[in-house]
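Model, not experiment: these values are computed from the prediction.
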Amino acid sequence: MDLLTVYIIALALAVDAFAVALATGVCLPVVGFRHTFRLGWHFGLFQGGMAIIGWSLGLTFRSLIEHFDHWLAFAFLAAVGLKMIFESFSKDDTCERTADPTRGASLIILSVATSIDALAVGLSFSLLGTSIWLPALIIGVVATLLTIFGLHLGKIIRGAAKLGHFAEGFGGFVLIGIGIKILHDHGVF
């Protein structure tokens, strides 16, 4: 898989993290270094780590499905993309100011929730026989950077959570497009 495609996938995956960070920046009364570091570090680490876990899972049964692996890769990317598109229309924009989402169990839950898609993408990389190490690093770094950007943009703009919804929907369309490109590259059409 070429590097440009990996960057596009990383951007598409990171829009969940961006949307959560944007909403967090809008809701937190103060966005300091600790908030930025905790959210950026965890979201990036989980995105990259989940891609590696998905890739590792795929290695265990890749030989059994290598004849139709491109269809599975497409199905995973399309499912993640559709999920992102539907979620972009159904999110609640209300702020809950009672807890800091950059601490404790909330941080772990958000980190896992925003990186589940990376697990499926890692599995797709495995099915395509692509090494995960550089893509996982890129996915993690891009997620970290977009998280930091989203957190501070949310603080600046306040009330811009709808931008995060648009970005998430767009990311879903990008993942579906990459899935179609995989089918095309395998001669399906």
Side-chain angles (χ1 to χ4, degrees), residues 1-22 39-63 65-88 110-151 153 163-164 166-189:
M1 188 170 293
D2 64 283
L3 209 51
L4 178 61
T5 302
V6 172
Y7 278 109
I8 292 170
I9 288 171
L11 283 170
L13 287 174
V15 296
D16 270 354
F18 172 80
V20 170
L22 187 70
L39 204 63
W41 169 258
H42 280 83
F43 281 11
L45 180 69
F46 275 70
Q47 287 273 354
M50 288 291 226
I52 292 170
I53 291 169
W55 180 77
S56 298
L57 290 172
L59 287 180
T60 59
F61 58 88
R62 189 173 76 202
S63 63
I65 56 175
E66 62 189 352
H67 297 295
F68 54 93
D69 58 358
H70 52 284
W71 283 104
L72 285 175
F74 167 74
F76 283 125
L77 290 171
V80 170
L82 288 171
K83 177 182 151 286
M84 290 171 68
I85 292 166
F86 286 121
E87 284 180 354
S88 73
L110 288 174
S111 298
V112 170
T114 58
S115 63
I116 292 294
D117 300 346
L119 183 80
V121 169
L123 182 59
S124 297
F125 273 84
S126 177
L127 296 175
L128 296 172
T130 303
S131 173
I132 194 63
W133 304 110
L134 181 60
L137 177 65
I138 292 169
I139 288 167
V141 169
V142 168
T144 299
L145 294 175
L146 274 183
T147 298
I148 292 168
F149 176 67
L151 186 63
L153 182 63
L163 177 63
F166 171 76
E168 187 172 18
F170 181 74
F173 282 112
V174 168
L175 287 180
I176 292 169
I178 290 169
I180 291 169
K181 180 183 181 302
I182 289 170
L183 290 179
H184 180 269
D185 290 349
H186 280 82
V188 173
F189 53 87

Spatial distance of atom CG (Asp16) from atom CG (Leu146) [nearest 0.5 Å]: 11.5 Å

Heavy-atom closest contact (Phe125 atom, Trp55 atom, distance): C-CD1, 4.0 Å

Pair Ile176-Ile85, side-chain contact (heavy atoms from CB on, under 4.5 Å): steps then yes or no: CA-CA 10 Å; Ile176 292 169; Ile85 292 166; 3.9 Å; yes

Minimum heavy-atom distance between Ala14 and Ala143, given as atom pair plus value: CB-CA, 3.8 Å

CD1-CD1 distance between Ile139 and Ile9, expressed to the nearest 0.5 angstrom: 7.0 Å

Separation of Ser111 OG from Met50 CE (nearest 0.5 Å): 9.5 Å

Parallel, tilted or perpendicular: ring planes of His70 versus His186, cut at 30 and 60 degrees: parallel

From Leu151 atom CG to Ile148 atom CD1, the distance as rounded to the nearest 0.5 Å: 8.5 Å

Test side-chain contact (heavy atoms from CB on, under 4.5 Å) applied to Leu119 and Ile52, Val112, Ile53, the passing residue: Ile53

Ser126 side-chain N/O to Leu59 backbone N/O, donor-acceptor pair under 3.5 Å: yes

Distance, nearest 0.5 Å, that separates CD1 of Ile8 from CD1 of Ile138: 12.0 Å

Atom pair CD/CD1 of Gln47 and Ile116 - distance to nearest 0.5 Å: 10.0 Å

Qualifying residue for side-chain contact (heavy atoms from CB on, under 4.5 Å) with Thr130, from Leu127, Leu134, Leu128: Leu128

Side chain Thr144, main chain Gly40, donor-acceptor under 3.5 Å: yes

